[in-house]
Protein chains: 2
Amino acid sequence: MNSTNGTRERIIEVAKSRFHNRSYADVGIREICDMASIQKGSFYHFFPSKRDLVLAVIDNFALDWANGFVAEAFDPLLPPMERIDYVIDAAYFWQRSSKELNGHIPGCLFGNLALEVSTQDDVLRAKLNAVFISAKDRFKDTLDEAIEQGIIPPLDSEFTAEAMLAYLEGMILLAKAKNDPEVIYRLGSALKNIRIELNTH
Amino acid sequence: MNSTNGTRERIIEVAKSRFHNRSYADVGIREICDMASIQKGSFYHFFPSKRDLVLAVIDNFALDWANGFVAEAFDPLLPPMERIDYVIDAAYFWQRSSKELNGHIPGCLFGNLALEVSTQDDVLRAKLNAVFISAKDRFKDTLDEAIEQGIIPPLDSEFTAEAMLAYLEGMILLAKAKNDPEVIYRLGSALKNIRIELNTH
DNA sequence: CTTGCATTAGACCGACCGGTCAACTATATT
DNA sequence: AATATAGTTGACCGGTCGGTCTAATGCAAG
């Protein structure tokens, strides 16, 4: 019943890597097929269009992410604010090792795609936004826990979580523009001190 | 001696708008020529390649920026920390009015381009990075002034400035992904409280 | 009026784009 | 063994890509 060769998975894996290291528009179906050692016909057997592929890639990568370093960083056994430091560490080491492998920083796939396609495809944009929302929620839960335990004074955990995500994406953007992972290392310490007070609106 | 028609300037203006609202890869020479009401021959008379065009667009936009809202926001007559608030206001109103005009948030041209091309073209990346560095320097000068006047406690102004820029770009990224300028409004208040202490390295 | 140069026009190029299609093969079910 | 179906092949499609080229303009100086 299950595909034996896992061709579909191979396509997604190749596309994920290519999209992440270059851009959605710059990577063609032909190239993806070549790298997955298949023919175009096979590709279109599994995906109706390039757009459907990138949709699947986003799902796949969001899952990787959730099960991978996000699960590690937001480990409930860690003290809440240490989890936030862990996020920085994970981002730093990931970008650094990517640079060692490929010579350049790929940045965040979701951030890259969001800036590339948001103005052109609202469905894609919404899907990317959903990933950001779930990332924000992780931060929010952590902040709520820290407040409850009296580790940090009360704040607007919803907005602060969003602000932390913004700062994280911004650091990665700047690191990519500099092609220097150390940016994340240098700026990371400020992440957990970001605060948005309650009732300022 | 000077070109009368300003064809070159028209090309840059059109390209700037298209690149900003869509993406570098997605906008073709043909489309730019159509919108500038010229033929391909004219385009290639002024620009050897599409890449040279985007280089010129970056220069042009950086100048617009420096003379426009950056000059306004970093007005030496304003109290230092108010300048930083002004940056947020400017970003917010700009994105909001762009959305009213086009239905979507274009984000920051430099951020968009940086994420799109940084891994593919090192010269382009370096040019974008230079724009970010000069933006960071504006923040740094402001912070140094605020410290000197005793308005804020001493901090690492270089890194804090970089962190502020990262946060700004991150907010814009998230706002674009949500297609909602209010993100900038909501999160903006945290910008001027970002701090990176001295000697933490 | 002529020369010379900057600018413009638009046909044209090969390459590649995303996508289609009919034929073929492998595999599982009956 | 026969059949159905999932997977695969590779030729093919119209269209667009970035870029070239030649010929025709406009215009200013001699």
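Order of the sequence lines sets the chain letters (A, B, ...), proteins ahead of strands, with each chain counted from 1.
Partners of Tyr86(A) by ring-ring contact (aromatic ring centres under 6.0 Å, His included), not counting sequence neighbours: none found. For Tyr167(A), there are no ring-ring contact (aromatic ring centres under 6.0 Å, His included) partners two or more places apart in sequence or in a different chain. For the side chain to side chain contact (heavy atoms under 4.5 Å, CB included) test, residues two or more places apart in sequence or in another chain that qualify with Ala56(B) are Arg8(B), Ile12(B), Phe47(B). Among residues two or more places apart in sequence or in another chain, the side chain to side chain contact (heavy atoms under 4.5 Å, CB included) test is passed with Asn21(B) by Ser17(B), Asn102(B), His104(B), Pro106(B). Partners of Val27(A) according to the side chain to side chain contact (heavy atoms under 4.5 Å, CB included) rule, which considers only residues two or more places apart in sequence or in another chain, are Arg18(A), Phe19(A), Arg22(A), Glu31(A), Ile32(A).
Pairs engaging residues 105-124 of chain B under the ring-ring contact (aromatic ring centres under 6.0 Å, His included) rule: Phe61(B)-Phe110(B), Trp65(B)-Phe110(B) [sequence neighbours left out]. For residues 126-135 of chain B, every residue pair satisfying the salt bridge (charged side-chain N to carboxylate O under 4.0 Å, His left out) rule, not counting sequence neighbours, is listed here: Asp59(B)-Lys127(B).
Distance check, rounded to the nearest 0.5 Å: CE of Met171(A) to SG of Cys108(A) gives 11.5 Å. Here the CD1 atom belonging to Ile38(B) is positioned 6.5 Å from the OG1 atom belonging to Thr7(B), to the nearest 0.5 angstrom. Note that the CD1 atom of Ile88(B) and the CG atom of Leu168(B) stand 5.5 Å from one another [nearest 0.5 Å].
Taking a cutoff of 4.0 Å between a charged side-chain nitrogen and a carboxylate oxygen, Lys16(B) and Glu13(B) qualify as a salt bridge. For the pair Asp156(B) and Arg186(A), the salt-bridge criterion is not met [side-chain N within less than 4.0 Å of a carboxylate O].
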Acceptor/donor pairs from residues 135-143 of chain B side chains to any protein atom, 3.5 angstrom cut, sequence neighbours excluded:
residue, atom, partner, partner atom, Å
Lys136(B), NZ, Glu158(B), OE2, 2.7
Lys140(B), NZ, Asp144(B), OD2, 2.8
Thr142(B), OG1, Arg138(B), O, 2.9

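Listed by residue number, the members of residues 17-32 of chain A with any heavy atom below 4.0 angstrom from DNA chain D form an empty set. Near-neighbour residues of DNA chain D inside residues 47-54 of chain A, defined by a heavy atom below 4.0 Å, are absent.
For Ile38(B) and dA6(C), the CD1 to C1' distance is 15 Å, given to the nearest whole Å. The CZ atom of Phe43(A) sits 22 Å away from the P atom of dC12(D) (whole-angstrom rounding).
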Dump the pairs, protein N or O against N or O of nucleotides 22-26 of chain D, anything under 3.5 Å, distances to one decimal.
none

Considering only nitrogen or oxygen atoms on both sides, find all protein atoms under 3.5 Å from nucleotides 12-14 of chain C and state each distance.
none

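Each of dG7(D), dT8(C), dT20(C) was ranked by its minimum atom distance to the side chain of His45(A); first place goes to dG7(D).
At least one side-chain nitrogen or oxygen of Thr7(A) sits closer than 4.0 Å to the OP1 or OP2 atom of dT8(D). Contact check, Tyr44(A) against dG19(C): a side-chain N or O comes under 4.0 Å of OP1 or OP2. One finds a side-chain N or O of Ser42(A) lying less than 4.0 angstrom from the OP1 or OP2 phosphate oxygen of dT9(D). Regarding contacts with the backbone of dG10(C), a side-chain N or O of Gln39(B) is found under 4.0 angstrom from either OP1 or OP2.
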